[in-house]
Amino acid sequence: MNTKSILLKSRPQGMPTEENFESREERLPPLEEGQVLLKALYISVDPYMRGRMSEGESYVAPYNLNEPIAGGVVAEVVESRHERYSKGAVVLGNLPWQTYSISNGKGLSQLDPHLAPLSYHLGILGMPGLTAYCGLLYIGQPKEGETVVVSGAAGAVGTVVGQIAKLKGCRVVGIAGSDEKIDYLLNDLGFDEGINYKTTQNMREAIAAACPNGVDIYFDNVGGEISDAVYARLNKFARIAICGQIAHYNATSRPTGPRVEPILLTKSALMKGFIVGDYAAHFGEAAQELAAWVKAGKLQYEEHVVEGFDNLPQAFFGLFKGENTGKLFVKVAEYGQ
Ligand SMILES: NC(=O)c1ccc[n+]([C@@H]2O[C@H](COP(=O)([O-])OP(=O)(O)OC[C@H]3O[C@@H](n4cnc5c(N)ncnc54)[C@H](OP(=O)(O)O)[C@@H]3O)[C@@H](O)[C@H]2O)c1
């Protein structure tokens, strides 16, 4: 069996380009006892992967040069010598960017194709959904009537955060990068207000106008000047969940902004960074509740699908250009074909 891989050829400086990646084709060895042959169906592209492309310490190890990028993949078992996975099973795993790969089964979880569309396990029923749920509910602790601001609001995590906040009876303000995204937040997802940060001249004034009662919870996917503007409107006892800082992921030096500590002090506010894995003990309950909300039609869900394995690098770049509304992933193959 031949497989195609996409490797990290060099470490990006600033915004990644095609030059940083290389495609390779090779022959896979025959399966050994205890192994499965997996065919990639859906491959996730996620902002955190940018951090792994750089050298240096983070919460996950950097990718090695000349090895395939790896991340969330939904795959079909097309051959098995593993007692737990039979041919035709569908699994989710942290797998290489390869059309076919061999696994010993470690870290794979089997998916039920009848529960929801399989690709949902990369988004609302997977890591981004769990991130939204845990960050908002455990750090944000939303209460009815409170105002929640979410940056990166039209993306995989942000769309779920805003909708859960609505389910909890909050006023929800989303910040995103196009008028189409703002329309989607307001008209499809039921957000109360939306701010297009790319066309708004004065973000502080826009946030003040959208949050007449101040900001009780800020769910931050972005960082930078958007956050500086939100901090100016925090209420007493506000909670800030630092989920992502995508505005900085391609920065070649660390920017400094206004000092936030005096605001945290005078507002008795809580700011907490988190990695979704910190809440692993709650994943069972979170996944169940997310699935129930999706099934009941209480959470809407959008996918931005890029077709074709070769387009993985371009799809990944799209995250930094704001091309996606909802969860961005690459469709490589159809289940069962
Ligand atoms: N802590 C965790 O465990 C955890 C887990 C998952 C994700 N995250 C973080 O959560 C954030 C969202 O992740 P996601 O998977 O849901 O991605 P996403 O929001 O679906 O996609 C990224 C979005 O970020 C926006 N963006 C890109 N560059 C920007 C910039 N310079 N300034 C402002 N906005 C920018 C773009 O939308 P616009 O059109 O609005 O610019 C883009 O669509 C990321 O920062 C990610 O690293 C953290």
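Each ligand, and each atom within it, is numbered from 1 in the order the structure gives. Numbering of residues begins at 1 and proceeds along the displayed sequence.
- Residues Tyr249 and Ser54 form no side-chain contact, since every pair of their non-hydrogen atoms from C-beta on lies 4.5 Å or further apart.
- Closest heavy-atom approach to atom 47 (O) of ligand 1 among the candidates Phe320, Phe329, Tyr249, Tyr279: Tyr249.
- If you check the side chains of Ser119 and Glu303, you find a donor sitting under 3.5 Å from an acceptor.
- Residue Lys181 touches ligand 1 through its side chain alone, judged by heavy-atom distances below 4.0 Å.
- Contact annotation: the side chain of Val306 never approaches that of Gln314 to less than 4.5 Å [non-hydrogen atoms, C-beta and beyond].
- Selection from Phe219, Tyr197, Phe274 by nearest heavy atom to atom 1 (N) of ligand 1 gives Phe274.
- By the rule that hydrophobic residues join a cluster once side-chain heavy atoms approach within less than 4.5 Å of another member, Phe219 and Leu167 end up as members of one cluster.
- Inclusion of Asn324 in the set of residues having an N or O under 3.5 Å from an N or O of ligand 1 is warranted.
- Under 4.0 Å from ligand 1, the heavy atoms of Thr131 that appear belong solely to its side chain.
- Here the shortest heavy-atom distance to atom 16 (O) of ligand 1, taken over Val150, Val157, Asp278, belongs to Val157.
- Here is the list of ligand 1 atoms found below 4.0 Å of a heavy atom in Val276: 2 (C), 3 (O).
- Close approach of ligand 1 to Gln245 is summarised as follows: ligand atoms under 4.0 Å from at least one heavy atom of the residue are 45 (O).
- Counting heavy atoms only, Leu319 comes closest to atom 22 (C) of ligand 1 of the residues Ile242, Val160, Leu319.
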| request: Determine, stepwise, if the pair Lys4 / Asp310 fulfils salt bridge (Lys or Arg N to Asp or Glu O under 4.0 Å). | output: CA-CA 9 Å; Lys4 224 183 208 187; Asp310 294 337; 3.0 Å; yes
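- Hydrophobic cluster of Leu118: the remaining members, joined at side-chain heavy-atom separations below 4.5 Å, are Leu41, Tyr42, Val74, Val90, Leu92, Leu111, Leu122, Val305, Phe329, Tyr335, listed by chain and number.
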